[in-house]
A.B. asks: 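Let me give you the structure first, and then I'll get to my questions.
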Amino acid sequence: MIGQPVNRVDGPLKVSGRATYAYEYWDAGQPLYGCIVGATIGKGRITRIHTENAERAQGVRMVMTHQNVPVQGVRDESVQFEYWRAQPVLTGPDIHYHGEPVALVVAATFEQARAAADLLDVEYTVGRGRFAFAADDDEAYIPKVVNAGLPTDTAVGDFEAGFRAAAVRVDQRYTTPYEFSMPMEPHACLVEPRGEDLVVHVSSQIVDAAQTSVAATLRMAPERIHIVTPFVGGGFGSKLGVHAETILAALAARVLGQPVKVALTRQQIFQLVGMRPTSSQRVRLAAGRDGKLTAIAHDVTMHTNPDLEFAEQTAATTRSLYAAPHRLTSHRLTPLDLPRGADVRAPGEAPGLLAVESAVDELAHALGMDPIEVRIRNEPTVDPERDVPYSDRHLVDCLRDGARRFGWEHRPATPASLREGRWLVGYGMSAAIRGHFQGPTAVQVRLEADGTGVVRTDMTDIGTGTYTILTQVVADGLGLPADRVRVELGRSGLPTSWGSGGSWGAANSCAAAARACAALREKVLVAACGDADSPLHGRDPAGAHFGDGSVRIDGAEGASQALGEIVARHHPEGMEAQGEIRFMGDDPNYSDYSIHTYGAHFAEVGVDADTAEIRLRRMLGVFSVGRVLNPKTARSQLIGGMIWGAGAALEEEAVVDSRSGAFVNRDLAQYLVPVHADVPDVEAVILDGYDDKANLLGAKGVGELGICGAGAAVANAVFNATGLRVRDFPITIEKLLPGLPDVDA
Amino acid sequence: MSEPDTGGGERQAGAAPLSAVELRVNDQVRRLELDPRTSLLDALREHLRLSGTKKGCDHGQCGACTVLVNGRRINSCLTLAVMHEGDEVVTIEGLGAPDDLHPMQRAFVECDGFQCGYCTPGQICSAVGMLAEVRAGSPSHATAEVASSRISLTDEEIRERMSGNICRCAAYPNIVAAIRGIAEGGAA
């Protein structure tokens with residue numbers, strides 16, 4: 001089963017509208033509806049809130065503001081990760097960013113709550129906010145570490161000397177905008193009080209984080225918080241932690257003693273869940289005429305919220321990508337009165353590779369060398385900053401395979417030299433790299449007396465295919481047909497996982513499940529071989545084979561017994577075993593090896609010779625991700641990531657009003673994400689592989705690799721088509737039009 | 001079948017007069033007493049508890065709420081329920097059930113035309129409605145011969161006509177493959 005393109009086991013539920021998301025539960029009866037009211041200023045102070053009109057409105061049960069909110073826990077920075085910390089809301093009259101919640105209005109119906117929310121009258125004193133990002137801001141500071149605990153700065157060799165001495169140099173600054181995860185399911189929560197406990201139906205990527213965070217905020221024991229999140233309508237980082245809707249629903253449900261549900265409006269998602277920081281990235285590359293890099297520097301400045309620091313690890317993968325003796329990376333933060341920066345799919349790699357892989361294309365152009373060849377010439381033998389071997393690096397294989405499949409030899413060697421009718425046509429490519437992470441995860445596997453296997457973990461399936469790949473792993477591990485395996489996910493009380501995020505979910509949960517299966521097979525064999533009434537009695541378990549729901553020893557000449565029968569005889573209540581995967585910091589492979597996934601992106605674009613309209617024509621990605629658990633779902637994730645990359649190159653940009661601190665284009669008509677018409681043929685190819693340093697399955701993450709470098713391939717194709725290099729992302733018509741070349745049709 | 005649904009009695013205490021509306025939803029007559037501000041989307045989700053129809057933006061910008069009304073696809077968030085007296089509404093639940101899927105639903109599973117599944121009911125309802133529009137000869141921005149009553153359903157046509165349905169997981173190539181397969185097979 002592992003490695004087979006199995007259809008999603010939750011597919012029939014999802015396509016028939018029967019998969020239940022957080023806002024859609026009715027088991028506690030009719031809930032009340034909460035609407036969040038956000039600040040209409042970006043910085044300042046509430047001087048007065050007139051709640052009377054809202055409170056008197058039809059159906060209203062409560063108006064919660066900072067004046068009557070129950071006491072909440074405080075955000076505790078000694079807790080290692082943000083998503084496990086308390087997330088108090090309505091903490092006082094001070095407003096820290098535009099849209100910050102100032103009230104929750106709870107009413108009997110959604111229409112009543114929404115109408116009453118409009119009646120709330122809030123008076124403010126407007127403060128002086130800092131909203132405009134400038135890379136050379138005097139207030140830029142050096143964070144202690146960057147996201148994921150990575151070092152802020154690194155230096156190897158003597159960069160300045162190496163850079164000065166080189167024959168060919170690139171020194172460019174690239175800027176990337178604020179970007180949002182924008183999952184299709186709005187962040188939503190339905191909280192049902194049950195005695196002293198709260199049942200929290202929430203759209204969450206990490207059950208343990210949600211439970212801990214809600215408990216810490218409401219100052220309750222974690223075991224009194226019951227998280228339920230079997231289906232998550234997309235997360236892309238924005239549901240790693242809980243947000244105001246969850247905390248407010250929980251507070252209100254507790255005060256009122258009734259179920260309350262709250263969903264963010266699409267506009268509020270632009271205010272309340274955080275965004276990818278805007279960045280200014282200086283990339284310096286120096287090489288000899290032979291194309292060999294002698295110096296690489298990647299210096300990043302980003303915005304941060306002043307109170308809630310977030311430093312995206314934008315330069316981090318540059319440390320492992322190419323060989324060069326002299327190297328620098330750095331991250332700096334400029335405090336702005338905007339929402340907290342947050343993890344958005346491929347944090348760090350997505351904006352970082354957009355810049356670096358554009359710069360490598362610029363270097364290739366300056367050298368007059370094919371950009372694939374430049375990359376191949378700079379393939380390192382060991383991780384150039386950590387000085388440890390790579391576990392399973394196949395970047396060059398991806399580059400070569402992709403070039404062949406894409407027809408790279410047809411690329412116009414000279415930019416702006418190929419015209420087809422109205423269109424200037426260009427090819428671009430980019431390398432992809434992403435670190436592979438491992439986090440503590442436990443999975444329990446059970447065998448029931450009817451011979452079915454049950455997989456239990458609080459891991460989530462956010463569209464990644466967890467239900468399906470765990471089914472495959474356990475079907476293989478216990479020798480069961482797939483339809484005899486049931487997977488239970490997304491609920492507190494199940495064995496604790498690190499959830500979905502950082503592309504670690506599949507490898508963590510499947511490796512732990514494989515361990516659990518091994519332990520369970522042991523138990524089954526001990527029970528059967530020691531049972532005088534079993535046909536397997538006295539046989540050597542070393543020769544055992546699990547298949548078709550039975551265990552057979554010594555092949556066709558030997559004996560077999562059905563698993564259900566063994567379980568029914570010895571443990572009619574079921575047999576179970578737990579498998580665990582530990583934190584990467586405690587696994588020597590992760591310090592002894594540089595463990596990444598790799599890929600090569602190829603894009604063809606057409607740019608209208610008169611209007612500069614940019615149309616993506618096709619994309620190809622070739623990837624190396626270790627062992628593939630399910631090529632169908634893995635391909636889907638990779639394609640999705642590639643399309644995100646195209647969106648980052650050409651479309652996505654949230655714009656701040658520098659007077660008010662508001663995101664002015666805060667809806668899906670103005671914050672452009674790729675739609676059907678933007679997406680041509682996109683294909684992802686995955687090379688066969690097995691990374692024996694990653695885990696016992698040899699599998700690594702795929703969810704974020706697809707986006708890594710994909711945007712740069714598109715940007716480089718635009719350069720190849722037009723000869724114009726736009727370094728201020730996204731690349732839009734008005735940035736190309738003034739310099740559009742005159743190319744004969 | 002016909003039964004009144006007052007939306008849970010107590011919740012409407014002291015409310016302004018409600019408006020009665022009768023819809024035919026998935027072949028069942030449903031009588032509702034609704035706050036006239038209730039969108040068709042919220043009537044389906046919050047009153048009829050047919051939560052297969054999704055709320056993604058509530059502003060007609062994402063397509064997650066697409067349902068078929070009198071055979072035509074619409075964004076159910078952009079229309080009030082009381083405007084649909086007597087209308088025939090088909091939601092994703094009406095197209096098929098897990099053990100009895102509509103061909104389009106089956107094609108989405110087969111082609112992996114979704115990941116998180118949240119935009120999926122809207123994509124599927126939209127695809128079914130879209131194919132009917134093509135059969136009726138209704139042209140799009142991508143149609144080469146707008147005067148022709150026969151439209152060739154190229155991938156470009158599918159993409160153009162499906163662009164009101166956003167999929168943030170970006171399953172677009174697989175969705176197009178699913179729709180193309182159904183269109184070629186003539187099953188929907």
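Residue numbers start from 1 in every chain, and the chains themselves are labelled A, B, ... in the order their sequence lines are given, proteins ahead of strands. Here the structure is a predicted model, which means the values were calculated and not measured.
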A.B. asks: Examine whether an atom of A:Asp681 lies under 4.5 Å from a heavy atom of chain B, and if so say whether it belongs to the side chain, the backbone or both; otherwise answer neither.
C.D. replies: both

A.B. asks: Hey, which of B:Asp42, B:Leu95, B:Asp100, B:Asn165 has the most heavy atom pairs under 4.5 Å with chain A?
C.D. replies: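 Greatest number of close heavy-atom pairs with chain A: B:Asp42.
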
A.B. asks: So do the side chains of A:Gln267 and B:His59 get within less than 4.5 Å of each other, counting heavy atoms only?
C.D. replies: yes

A.B. asks: For the atom pair OH (B:Tyr172) and CD1 (A:Ile639), what is the distance rounded to the nearest 0.5 Å?
C.D. replies: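 Here the rounded value is 13.5 Å.
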
A.B. asks: Grab the two heavy atoms, one from A:Leu668 and one from B:Cys57, that are nearest each other, plus how far apart they are.
C.D. replies: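 Result for this residue pair: CD1-CB, 4.4 Å.
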
A.B. asks: State whether the number of non-hydrogen atoms from other residues, nucleotides or ligands found under 6.0 Å of B:Arg72 atom CZ is greater than 12.
C.D. replies: no

A.B. asks: Write down the atom of B:Pro98, the atom of A:Pro12, and the distance for their closest heavy-atom approach.
C.D. replies: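 Result for this residue pair: O-CB, 3.9 Å.
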
A.B. asks: I'd like to check B:Ile166 versus A:Met184 (side-chain heavy atoms, cut-off strictly below 4.5 Å). Are they in contact?
C.D. replies: yes

A.B. asks: Go through it in stages, so that I can follow the logic: the residues are B:Phe108 and A:Lys14, the test is side-chain contact (heavy atoms from CB on, under 4.5 Å), and I'd like the CA-CA distance, side-chain angles, deciding distance and then a yes or no.
C.D. replies: CA-CA 10 Å; B:Phe108 268 64; A:Lys14 285 182 172 174; over 6 Å; no

A.B. asks: What part of A:Pro674 is in contact with chain B, defined as an atom under 4.5 angstrom from a non-hydrogen atom: side chain, backbone, both or neither?
C.D. replies: both

A.B. asks: Looking at B:Cys62, B:Cys111, B:Ala97, B:Gly113, which has the largest count of heavy-atom pairs under 4.5 Å with chain A?
C.D. replies: B:Ala97

A.B. asks: Among A:Gln637, A:Arg114, A:Met182, A:Arg266, which residue forms the greatest number of heavy-atom pairs with chain B at distances under 4.5 Å?
C.D. replies: A:Arg266

A.B. asks: Identify whether NZ of Lys or CZ of Arg in B:Arg45 sits under 6.0 Å from the centre of the six-membered ring of A:Tyr23 and within 45° of that ring's axis.
C.D. replies: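 Judged by the rule (NZ or CZ under 6.0 Å from the ring centre, within 45° of its axis), B:Arg45 is not positioned above A:Tyr23.
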
A.B. asks: Please identify, among A:Ala115, A:Pro680, A:Gly463, A:Ala669, the residue contributing the most non-hydrogen atom pairs under 4.5 Å to chain B.
C.D. replies: A:Gly463

A.B. asks: With only heavy atoms counted, which part of A:Val679 is less than 4.5 Å from chain B, the side chain, the backbone, both or neither?
C.D. replies: both

A.B. asks: In terms of heavy-atom pairs under 4.5 Å with chain A, which of B:Gly60, B:Gly52, B:Ala64, B:Gly56 leads?
C.D. replies: B:Gly56

A.B. asks: Could you verify whether a donor N or O on one side chain and an acceptor N or O on the other, from B:Asp35 and A:Thr109, lie under 3.5 Å apart?
C.D. replies: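 Their side chains do not contain a donor-acceptor pair, so the 3.5 Å distance test is not met.
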
A.B. asks: Any heavy-atom pair between the side chains of A:Lys261 and B:Glu46 that's under 4.5 Å?
C.D. replies: yes

A.B. asks: Could you walk me through whether B:Lys54 and A:Glu185 pass the side-chain contact (heavy atoms from CB on, under 4.5 Å) test, one step at a time?
C.D. replies: CA-CA 8 Å; B:Lys54 302 303 183 191; A:Glu185 181 204 15; over 6 Å; no

A.B. asks: Taking B:Thr53, B:Ile158, B:Asn174, B:Val176 one by one, which has the highest count of heavy-atom pairs under 4.5 Å against chain A?
C.D. replies: B:Asn174

A.B. asks: Could you tell me which portion of A:Thr20 (side chain, backbone, both or neither) has an atom closer than 4.5 angstrom to a non-hydrogen atom of chain B?
C.D. replies: neither

A.B. asks: Are any of the side-chain heavy atoms of B:Cys116 and A:Ile462 separated by less than 4.5 Å?
C.D. replies: no

A.B. asks: I'd like to know which of A:Met642, A:Glu683, A:Arg345, A:Glu652 tops the heavy-atom pair count under 4.5 Å against chain B.
C.D. replies: A:Glu652

A.B. asks: Are any non-hydrogen side-chain atoms of B:Glu93 and A:Ser16 less than 4.5 angstrom apart?
C.D. replies: no

A.B. asks: Hydrogens and angles aside, do A:Thr265 and B:Asp58 bring a side-chain donor and acceptor to less than 3.5 Å of each other?
C.D. replies: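 There is no such pair between these side chains.
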
A.B. asks: If you count heavy-atom pairs under 4.5 Å between each of A:Val673, A:Thr633, A:Asp461 and chain B, which one has the most?
C.D. replies: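 Top option by heavy-atom pairs under 4.5 Å: A:Val673.
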
A.B. asks: Are any non-hydrogen side-chain atoms of A:Phe236 and B:Arg168 less than 4.5 angstrom apart?
C.D. replies: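 A side-chain contact exists here, since the closest heavy-atom pair is under 4.5 Å.
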
A.B. asks: Tell me yes or no: between the side chains of A:His676 and B:Gln123, is some donor less than 3.5 Å from an acceptor?
C.D. replies: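 Yes, a side-chain donor-acceptor pair sits under 3.5 Å.
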
A.B. asks: At a heavy-atom distance under 4.5 Å, which candidate from B:Met162, B:Arg37, B:Arg49, B:Gln105 has the highest pair count against chain A?
C.D. replies: B:Arg49

A.B. asks: Answer with side chain, backbone, both or neither: which region of B:Ala171 has an atom nearer than 4.5 Å to a non-hydrogen atom of chain A?
C.D. replies: neither

A.B. asks: Just wondering, do A:Lys632 and B:Glu110 contact through their side chains at under 4.5 Å, heavy atoms?
C.D. replies: yes

A.B. asks: Nearest 0.5 angstrom please: A:Phe110 CZ to B:Leu41 CG, how far?
C.D. replies: 9.0 Å

A.B. asks: Heavy atoms only, distances under 4.5 angstrom: which of A:Ala263, A:Gly29, A:Ser181, A:Pro183 has the most pairs with chain B? Name it, please.
C.D. replies: A:Ser181

A.B. asks: Where on B:Asp112 is there a heavy atom nearer than 4.5 Å to chain A: the side chain, the backbone, both, or neither?
C.D. replies: both

A.B. asks: Is it the backbone or the side chain of B:Thr38 that comes under 4.5 Å from a heavy atom of chain A, or both, or neither?
C.D. replies: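 Its backbone and side chain both get close to chain A.
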
A.B. asks: Of the non-hydrogen atoms in B:Tyr118 and A:Tyr21, which two are nearest, and what is the gap between them?
C.D. replies: N-OH, 3.6 Å

A.B. asks: Using non-hydrogen atoms only, which part of A:Ala19 is less than 4.5 Å away from chain B: side chain, backbone, both, or neither?
C.D. replies: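 Backbone of A:Ala19 only, per the 4.5 Å heavy-atom cut-off to chain B.
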
A.B. asks: Name the member of B:Pro121, B:Pro173, B:Gly164 that forms the most heavy-atom pairs with chain A at distances under 4.5 Å.
C.D. replies: B:Pro173

A.B. asks: Does any non-hydrogen side-chain atom of B:Cys169 lie less than 4.5 Å from one of A:Trp644?
C.D. replies: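 Result no, sub-4.5 Å side-chain heavy-atom pair not found.
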
A.B. asks: Just give me the residue among A:Gly641, A:Ser636, A:Gly234, A:Gly235 that pairs up with chain B most often, heavy atom to heavy atom, under 4.5 Å.
C.D. replies: A:Ser636

A.B. asks: Can you tell me how far OG of B:Ser51 sits from CD of A:Glu24, rounded to the nearest 0.5 angstrom?
C.D. replies: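 The CD atom of A:Glu24 sits 4.0 Å away from the OG atom of B:Ser51.
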
A.B. asks: Tell me whether the count of non-hydrogen atoms from other residues, nucleotides or ligands lying under 6.0 Å of CD in B:Glu133 goes above 12.
C.D. replies: yes

